[in-house]
Amino acid sequence: AMMLAMLPAVWVMASIAIAAYGVAPRYATAASWLIFVVFLILELGWEMRQVSNLVFAISPFAHVHWTSEVHASSILLLLIVATMLTTAGLAALSRRDIA
């Protein structure tokens, strides 16, 4: 159950990659990895108590972290964000001239 609770955060990361590819395909890989590394650094800094909870809340993984209680509202919010980012990325991709 704990691993299933982390799934919406992973979907947010995947949707960030889709949105980046739709907007700027040349830089999508670098941007996706950069954002993932920032989220990892935020988590590491939070676990070492160098980063406050407010800053750690930027990461989608903060809302489903195994040390805190996971609420249905946070999972629903992550699903909404993932859906919006995926929709925006696919809409941007459909406007490009791919032949």
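- The environment of Phe39 atom CZ is dense: over 12 non-hydrogen atoms of other residues, nucleotides or ligands sit within 6.0 angstrom.
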*Decide yes or no on side chain to side chain contact (heavy atoms under 4.5 Å, CB included) for Leu42 and Ile58, but give the supporting numbers first.*
CA-CA 8 Å; Leu42 282 175; Ile58 295 171; 4.2 Å; yes
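- The NE2 atom of His65 lies 13.0 Å from the OG atom of Ser74; values are rounded to the nearest 0.5 Å.
- Here the CG atom belonging to Leu85 is positioned 10.5 Å from the CE atom belonging to Met13, to the nearest 0.5 angstrom.
- The shortest non-hydrogen separation linking Ala92 to Gly22 is CB-O, 3.4 Å.
- Distance check, rounded to the nearest 0.5 Å: CZ of Arg95 to CG of Leu93 gives 10.0 Å.
- Note that OG1 of Thr29 is 12.0 Å distant from CG of Leu34, once rounded to the nearest 0.5 Å.
- Under a hydrophobic-cluster definition in which Ile, Leu, Val, Met, Phe, Trp and Tyr are linked whenever side-chain heavy atoms come within less than 4.5 Å, directly or via other members, Leu7 and Leu76 are assigned to different clusters.
- There is no path of hydrophobic side-chain contacts, each under 4.5 Å, that joins Val64 to Ile80.
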_Please evaluate residues Ile75 and His71 with respect to the criterion side chain to side chain contact (heavy atoms under 4.5 Å, CB included), reporting the C-alpha separation (whole Å), side-chain torsions for both, the decisive distance (0.1 Å), and the verdict._
CA-CA 7 Å; Ile75 290 177; His71 299 287; over 6 Å; no
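- No chain of hydrophobic side-chain contacts below 4.5 Å, direct or via other Ile, Leu, Val, Met, Phe, Trp or Tyr residues, connects Val12 to Leu90.
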*Can you check side chain to side chain contact (heavy atoms under 4.5 Å, CB included) on Trp66 and Met6, steps first, answer last?*
CA-CA 9 Å; Trp66 62 273; Met6 298 276 293; 5.8 Å; no
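- The aromatic rings of Phe56 and Trp46 lie parallel to each other, with less than 30° between the two planes, well short of the 60° mark.
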_Verdict with supporting geometry, Leu40 and Leu44, side chain to side chain contact (heavy atoms under 4.5 Å, CB included)_ = CA-CA 6 Å; Leu40 286 177; Leu44 181 62; over 6 Å; no
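- If you chain together hydrophobic residues whose side chains sit under 4.5 Å apart, Trp33 and Ile18 never meet in one group.
- In this structure, Val10 is not a member of the same hydrophobic cluster as Ile41, with clusters built from ILVMFWY side-chain heavy atoms closer than 4.5 Å.
- Of all heavy-atom pairs spanning Ser32 and Ala20, the tightest one is OG-CB, 4.2 Å.
- In this structure, His63 and Leu78 have side chains that are in contact, with non-hydrogen atoms separated by less than 4.5 Å.
- Residues Ser68 and Ala62 share a closest heavy-atom pair of OG-O, 4.2 Å.
- A side-chain contact (heavy atoms from CB on, under 4.5 Å) with Ile16 is found for one member of Val81, Ile35, Thr86 and no other, namely Ile35.
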